[in-house]
*Asks:* 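What follows is a single structure, and I will ask about it in a moment.
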Amino acid sequence: MSSSKTLIKTLIKNPTRIKSKSQAKQLHAQFIRTQSLSHTSASIVISIYTNLKLLHEALLLFKTLESPPVLAWKSVIRCFTDQSLFSRALASFVEMRASGRCPDHNVFPSVLKSCTMMMDLRFGESVHGFIVRLGMDCDLYTGNALMNMYAKLLGMGSKISVGKVFDEMPQRKSTLGSCCVVTESVDLEAETCIMPLGIDSVRKVFELMPRKDVVSYNTVIAGYAQSGMYEDALRMVREMGTSDLKPDAFTLSSVLPIFSEYVDVIKGKEIHGYVIRKGIDADVYIGSSLVDMYAKSARIEDSERVFSHLYRRDSISWNSLVAGYVQNGRYNEALRLFRQMVAAKVRPGAVAFSSVIPACAHLATLHLGKQLHGYVLRGGFGSNIFIASALVDMYSKCGNINAARKIFDRMNLHDEVSWTAIIMGHALHGHGHEAVSLFEEMKRQGVKPNQVAFVAVLTACSHVGLVDEAWGYFNSMTKVYGLNQELEHYAAVADLLGRAGKLEEAYDFISKMRVEPTGSVWSTLLSSCSVHKNLELAEKVAEKIFTIDSENMGAYVLMCNMYASNGRWKEMAKLRLRMRKKGLHKKPACSWIEMKNKTHGFVSGDRSHPSMDRINEFLKAVMEQMEKEGYVADTSGVLHDVDEEHKRELLFGHSERLAVAFGIINTEPGTTIRVTKNIRICTDCHVAIKFISKITEREIIVRDNSRFHHFNRGSCSCGDYW
DNA sequence: GTAGGGTTAG
């Protein structure tokens, strides 16, 4: 008996002396043998079991206790939390309270963590009230856990989910007001304490803490950073310095994303230097932040370098670079890295999917997009709103607006992003009226349109010529929604006016923009001038473009063609000379089509494709038929110093036509043909493909750089308005 | 007890 007492004393002083399962079991057996398994000694054995993560053994012993002491309770609560059994941890806490035991300070970190993980703010608040009444809010660890809870739960839109267990809680009621939370305690005696919301709660807990350590600072800093309060976050980092606490890997991985957003690569590099000096540059968290920061500052090579030096890579480090590639328009590299990640046995999570899917959207590679969609469903991510929005966008950009709409309609929650994706989808497919009515429906459902949503609805108006509606939306931005019109909105309106033939109005509008117009805004007007054959205005616009961007190829080519079709050879020659002096070469037009999971590319006039003979044979046959039905080649917009016959041959060889022909001869009758082109579809091909769709009885979908054209039975979804 | 990557436009 006395030896057991000594043993207990030693163990209380140093319980970690027992380091293995067998040692613990020996001790347990010894207590039983000597008949000294009291509540106290049993609790010690339980705490030893839980320290060794032996939950099963701990619980078996725990159940034998009639009235478990606090040590036993807190051991199992901590163990449940460690093993992610959060609801059981909370249930035990409730039971402990019901048994009349008063928790000591080191129960609360686990309980609060469980509340955080269960996203149960209400319960967490009542625990907080309890802590305050016990006067334990001075405890360092408890305070840190409280801050973490408020940062997480109030930061993410106060999502409250109440687990089953808590229905047994007596008198729990809490009300979220706009500025305060009224909490009732766990106890039957209803006491209330008032706490402000969100980051204010975090700050308040922080300020009341008598002692703070690095973790305390890191927690507030993360809270500020995640709430977008960057100045405050950085101020706290400085304050750490004055309290003699050194920023560590945690601090820096919260601070680095701030520089990503600010795109302040200079400060970011300074931190990178600091990180290297502190020897924490191999930290996975820091590594991914650095990869992301460089990517967001368009220094993707630096991202690659950081990534390649990481000695350990988790799914987030991989994804930082995947997302970085996408953000920098390197879609093929993004897909390649994603494949590499999967090959490296790193399972892509929800975020990874929402990063890569846009790559498929940009490349219009439907087969890859579908494959990813399959992975998404198998991974159980189908209802993730980020992924679903990305899928809606991907399907519509890959030409399948019906699939996009199906996914959209099946989503159980729509936010401004998913609405925008489907509105833009319909806009690009020429369903302007549908897009506009979806925009109205979004507003009716109380989703506030953001700036991107306005870009989408203005684009919709532009593609179908809804001039009055567009003005209404444009003006409502500032008047109703307090949103500033940015370059994109001006560009959309300018584009709309141009397409509608209101060229002078468009010119005035662009000249008076609140934002400095870019070359691309003027370029859309230039192409409208070309469509509406207004050479005089085109010349004025082209000069505007050349002062902003003297190497704008598109403008040179358009002007040359306009001069040519007006027989103004002298001007054309002058412009060509200017191009040659600058060493500018025409970017080749190309189109591509997917066939049996392979992408086939065609460049205009390119005869290198192995199927070229069959393609020509097909085009020749179809051309004869077309001419019988009244097709006349429109060669005005093409080249100039070549004879008619040669021009026709050039038209014949236009990349979109080659791709369409290739698609038709390689698929079953009735299969939809989907072609993507890097620049705007040419007028003559537009006419020709209408004929081809009728003659071959095919639906042909061509995506050019600004929209989709659905050709069916001799007409196009754009109604020739484009 | 603390940290990093994501969807819509251009």
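Chain A is the first sequence line, chain B the second, and so forth, proteins listed ahead of strands; every chain is numbered from 1.
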*Asks:* Would you say the side chain of Asp283(A) and the base of dG4(B) hold a donor-acceptor pair, judged only by whether the two atoms sit under 3.5 Å apart?
*Replies:* no

*Asks:* Heavy atoms under 4.0 Å, any strand shown: does Val417(A) hit a base, just sugar-phosphate, or nothing?
*Replies:*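 Result for Val417(A) = base.
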
*Asks:* dG4(B) base to Ser289(A) side chain: any donor-acceptor pair below 3.5 Å?
*Replies:*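 Absent.
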
*Asks:* Test Glu207(A) against Lys204(A) for salt bridge (charged side-chain N to carboxylate O under 4.0 Å, His left out), laying out the working first.
*Replies:* CA-CA 5 Å; Glu207(A) 279 165 4; Lys204(A) 194 159 181 206; over 6 Å; no

*Asks:* Is a donor on one side and an acceptor on the other found under 3.5 Å between the side chain of His414(A) and the backbone of Phe408(A)?
*Replies:* yes

*Asks:* Between dG5(B), dA3(B), dA9(B), which nucleotide gets closest to the side-chain atoms of Val351(A)?
*Replies:* dG5(B)

*Asks:* Go through the N and O atoms of the side chain of Asn384(A) and the base of dG6(B), and report whether any donor-acceptor pair is under 3.5 Å.
*Replies:* yes

*Asks:* Over how many whole Å does the gap from Met149(A) atom CE to dT2(B) atom C1' extend?
*Replies:* 15 Å

*Asks:* Describe the nucleic acid contact of Ser317(A) in one word from base, sugar-phosphate, nothing, applying a heavy-atom distance below 4.0 Å.
*Replies:* base

*Asks:* Donor-acceptor pairs are to be reported for all side-chain atoms of residues 381-395 of chain A against protein atoms at under 3.5 Å, with residues two or more places apart or in another chain.
*Replies:*
residue: Asn384(A); atom: OD1; partner: Phe386(A); partner atom: N; Å: 2.8
residue: Asn384(A); atom: OD1; partner: Ile387(A); partner atom: N; Å: 3.1
residue: Ser389(A); atom: OG; partner: Ile385(A); partner atom: O; Å: 2.7
residue: Asp393(A); atom: OD1; partner: Lys397(A); partner atom: NZ; Å: 2.7
residue: Asp393(A); atom: OD2; partner: Lys397(A); partner atom: NZ; Å: 3.2
residue: Tyr395(A); atom: OH; partner: His373(A); partner atom: ND1; Å: 2.8

*Asks:* Below the 4.0 Å mark, does dT2(B) have OP1 or OP2 next to a side-chain nitrogen or oxygen of Asn148(A)?
*Replies:* yes

*Asks:* Classify Val284(A) by what it touches in the nucleic acid, base, sugar-phosphate, or nothing, heavy-atom distance under 4.0 Å.
*Replies:* base

*Asks:* Mind checking the OH-OH spacing from Tyr473(A) to Tyr481(A)? Nearest 0.5 Å is all I need.
*Replies:* 9.0 Å

*Asks:* For Ala225(A), which contact category applies under a 4.0 Å heavy-atom criterion: base, sugar-phosphate, or nothing?
*Replies:*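 Here Ala225(A) touches no strand at all.
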
*Asks:* Provide, to the nearest angstrom, the distance between the CG atom belonging to Asn450(A) and the P atom belonging to dT8(B).
*Replies:*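 Whole-Å distance recorded here is 12 Å.
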
*Asks:* Which part of the nucleic acid, if any, lies within reach of Ile385(A) when heavy atoms closer than 4.0 Å are counted: base, sugar-phosphate only, or nothing?
*Replies:* base

*Asks:* Please step through side chain to side chain contact (heavy atoms under 4.5 Å, CB included) for the pair Leu146(A) and Val127(A), ending with a clear verdict.
*Replies:* CA-CA 10 Å; Leu146(A) 272 172; Val127(A) 173; over 6 Å; no

*Asks:* Does the base of dT7(B) carry an N or O that pairs as donor and acceptor with the side chain of Ser354(A) under 3.5 Å?
*Replies:* no

*Asks:* Quickly work out the Met293(A) CE to dA3(B) C1' distance and round it to whole Å.
*Replies:* 16 Å

*Asks:* Run the salt bridge (charged side-chain N to carboxylate O under 4.0 Å, His left out) test on Glu434(A) and Arg405(A) for me, step by step, so that the C-alpha distance in whole Å, both residues' side-chain angles and the decisive distance to 0.1 Å come before the verdict.
*Replies:* CA-CA 11 Å; Glu434(A) 179 64 11; Arg405(A) 184 58 186 266; 2.8 Å; yes

*Asks:* Looking at the side chain of Thr459(A), which of dG6(B), dG10(B), dT7(B) is the nearest nucleotide?
*Replies:* dG10(B)

*Asks:* Is there a side-chain polar atom (N or O) of Lys212(A) under 4.0 Å from OP1 or OP2 of dT2(B)?
*Replies:*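 Answer no for this pair, as no side-chain N or O of Lys212(A) is under 4.0 Å from OP1 or OP2.
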
*Asks:* Scan Ser253(A) against the nucleic acid and name what it touches under 4.0 Å (heavy atoms): base, sugar-phosphate only, or nothing.
*Replies:*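 The residue Ser253(A) makes base contact.
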
*Asks:* Of all the choices, dT8(B), dG5(B), dT7(B), which nucleotide is nearest to the side chain of Lys296(A) once you look at every atom?
*Replies:* dG5(B)

*Asks:* Need one value for Lys397(A): base, sugar-phosphate or nothing, where a base atom within 4.0 Å counts as base even if backbone is also close, heavy atoms only.
*Replies:*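 Sugar-phosphate, backbone atoms only, no base.
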
*Asks:* Between dA3(B), dA9(B), dT7(B), spot the one nearest the side chain of Asp415(A), thanks.
*Replies:*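 Among dA3(B), dA9(B), dT7(B), the one nearest the side chain of Asp415(A) is dT7(B).
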
*Asks:* Atom NE2 of His489(A) to atom P of dA9(B): distance rounded to whole Å?
*Replies:*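 Spelled out: NE2 on His489(A) to P on dA9(B) is 12 Å.
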
*Asks:* Measure from the side chain of Ala350(A), starting at C-beta and using heavy atoms only, and say which of dG6(B), dA9(B), dG5(B) lies closest.
*Replies:* dG6(B)

*Asks:* dT2(B), dG6(B), dG4(B): which one has an atom nearest the side-chain heavy atoms of Ile387(A)?
*Replies:*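 Nearest nucleotide to the side chain: dG6(B).
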
*Asks:* Among the candidates dT8(B), dG4(B), dG5(B), find the nucleotide nearest to the side-chain atoms of Asn319(A).
*Replies:*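 Closest nucleotide to the Asn319(A) side chain: dG5(B).
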
*Asks:* Please give, in whole Å, the distance from dT7(B) P to Tyr395(A) OH?
*Replies:* 19 Å

*Asks:* Taking only Lys NZ, Arg NE, NH1 and NH2, and the carboxylate oxygens of Asp or Glu, determine whether Arg339(A) and Glu333(A) approach each other closer than 4.0 Å.
*Replies:*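 Salt bridge between Arg339(A) and Glu333(A), a charged N being under 4.0 Å from a carboxylate O: no.
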
*Asks:* Classify Ala323(A) by what it touches in the nucleic acid, base, sugar-phosphate, or nothing, heavy-atom distance under 4.0 Å.
*Replies:*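 The answer is sugar-phosphate, as Ala323(A) gets under 4.0 Å only of primed atoms, P, OP1 or OP2.
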
*Asks:* Without decimals, in angstroms, what is the distance between His414(A) NE2 and dT8(B) P?
*Replies:* 16 Å

*Asks:* Which ones in residues 357-365 of chain A lie close to DNA chain B, meaning a heavy atom under 4.0 Å from one of its atoms?
*Replies:* Pro358(A)

*Asks:* What is the nucleic acid contact for Ala222(A), judged by heavy atoms within less than 4.0 Å: base, sugar-phosphate only, or nothing?
*Replies:* sugar-phosphate

*Asks:* Just call it for Leu252(A): base, sugar-phosphate, or nothing, with non-hydrogen atoms closer than 4.0 Å on any strand.
*Replies:*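 No contact.
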
*Asks:* Do the rings of His431(A) and His426(A) sit parallel, tilted or perpendicular, given the 30° and 60° boundaries?
*Replies:*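 Tilted, since the angle between the ring planes falls between 30° and 60°.
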
*Asks:* Look only at the side chain of Asn450(A) and the backbone of Val452(A), and say whether a donor-acceptor pair between them is shorter than 3.5 Å.
*Replies:* yes

*Asks:* Quick one: Met240(A) CE to dT2(B) P, roughly how many Å, whole number?
*Replies:*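 In whole Å, dT2(B) P and Met240(A) CE are 15 Å from each other.
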
*Asks:* Tell me, yes or no, whether the heavy-atom count around Gln445(A) atom CD, taken from other residues, nucleotides or ligands under 6.0 Å, exceeds 12.
*Replies:*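 Check passes, neighbour count above 12.
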
*Asks:* Looking at dT8(B), I'd like to know if its phosphate oxygens (OP1 or OP2) sit under 4.0 Å from a side-chain N or O belonging to Gln451(A).
*Replies:* no

*Asks:* Leu256(A) CG to dT2(B) C1': how many Å, rounded?
*Replies:* 16 Å

